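Model, not experiment: these values are computed from the prediction. Quick note on labels: first sequence line is chain A, next is B, and so on, each numbered from 1.
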Amino acid sequence: DAGITQSPRYKITETGRQVTLMCHQTWSHSYMFWYRQDLGHGLRLIYYSAAADITDKGEVPDGYVVSRSKTENFPLTLESATRSQTSVYFCASSPHINEKLFFGSGTQLSVL
Amino acid sequence: AQSVTQPDIHITVSEGASLELRCNYSYGATPYLFWYVQSPGQGLQLLLKYFSGDTLVQGIKGFEAEFKRSQSSFNLRKPSVHWSDAAEYFCAVIPNDYKLSFGAGTTVTVRA
């Protein structure tokens with residue numbers, strides 16, 4: 001199906017483990033984004049990408065790594081998960097930087 | 001620091017009553033402005049956006065928003081709310097550095 005999909009939908013892990021959250025879009029949108037959503041903070045930008053092989057830090061990048069070898073995929077890796085990274089993570093894509101974002105359904109991550 | 005502020009964390013409104021959600025930003029120039037809605041367990045959906053021109057913009061689901069440069073505000077309104085409007089609403093801006101920033105969100109509860 002066309003759209004933007006995130007996997008897994010739910011993930012429980014332990015501190016210190018590496019976790020990768022997947023994001024895939026079928027529109028060939030140039031821009032892709034990772035946000036985390038926490039109560040009282042709204043959505044905060046972690047990383048974004050303007051095109052394949054082009055990524056840049058957002059507001060809260062520490063502890064996260066991204067890659068974009070293909071336009072349609074934008075995985076987010078937590079290299080060594082911490083409890084403070086327990087959150088809901090949203091991936092989004094957009095054809096242009098000032099156009100609306102299309103959001104995935106989110107990944108709920110719990111770090112124990 | 002540049003920011004987006006939604007002063008109201010939670011608003012309760014009766015079905016059929018009017019609704020206004022406040023949003024203020026502190027960027028120097030006029031940014032691109034958006035309102036998104038998030039239903040429980042879902043990603044975000046764009047309600048409307050403002051780039052330039054007419055300061056009163058119409059969106060989906062009967063929502064409208066008014067940009068007021070003098071007040072650095074972009075308040076969202078709906079004349080008569082429906083129970084299905086219960087959700088969390090996010091104001092967002094794209095300032096000059098092109099990184100979309102979200103407010104902390106306002107949760108709307110609709111009572112019968």
For this session: Decide yes or no on side-chain contact (heavy atoms from CB on, under 4.5 Å) for B:Gln45 and A:Lys100, but give the supporting numbers first.
Result: CA-CA 9 Å; B:Gln45 179 185 21; A:Lys100 76 173 189 178; over 6 Å; no
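- Contacts between A:Leu39 and chain B at a heavy-atom distance below 4.5 Å are absent for every atom of the residue.
- Separating the CZ atom in A:Phe103 from the CD atom in B:Gln42 is a distance of 13.0 Å, to the nearest 0.5 Å.
- For A:Leu45, the part sitting under 4.5 Å from any heavy atom of chain B is the side chain, from C-beta outward, and nothing else.
- More than 12 heavy atoms of other residues, nucleotides or ligands sit less than 6.0 Å from atom CZ of B:Arg77.
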For this session: Apply the test side-chain contact (heavy atoms from CB on, under 4.5 Å) to residues B:Phe34 and A:Leu101: give CA-CA distance (whole Å), side-chain angles for both, the deciding distance (0.1 Å), then the verdict.
Result: CA-CA 10 Å; B:Phe34 306 79; A:Leu101 269 61; over 6 Å; no
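- Few gaps surround NE2 on B:His10; more than 12 heavy atoms of other groups in view lie less than 6.0 Å from it.
- Residue contact with chain B, scored on non-hydrogen atoms closer than 4.5 Å, is absent for A:Tyr31.
- To the nearest 0.5 Å, the span separating CD on A:Gln37 from CZ on B:Phe90 amounts to 4.5 Å.
- Hydrophobic clustering (ILVMFWY, side-chain heavy atoms < 4.5 Å, transitive): A:Met22 and A:Phe102 are in distinct clusters.
- In this structure, A:Ile54 places its CD1 atom where more than 12 heavy-atom neighbours from other residues, nucleotides or ligands lie under 6.0 Å away.
- For chain A, no part of B:Gln6 is nearby; none of its heavy atoms comes within less than 4.5 Å.
- Within a 6.0 Å sphere centred on CG of B:Leu56, other residues, nucleotides and ligands contribute more than 12 heavy atoms.
- Neither the backbone nor the side chain of A:Gln6 comes within contact range of chain B; no heavy atom of the residue lies under 4.5 Å from a heavy atom of that chain.
- Hydrophobic cluster membership is shared by B:Phe63 and B:Ile60, with clusters built from Ile, Leu, Val, Met, Phe, Trp and Tyr side chains linked at under 4.5 angstrom.
- Rounding to the nearest 0.5 angstrom, the gap separating the CD atom in B:Gln38 from the CG atom in A:Leu43 is 6.5 Å.
- Both B:Tyr36 and B:Phe51 are part of a single hydrophobic cluster, where members link through side-chain heavy atoms under 4.5 Å apart.
- Here OG of A:Ser94 is found 10.0 Å from CG of B:Leu46. Values are rounded to the nearest 0.5 Å.
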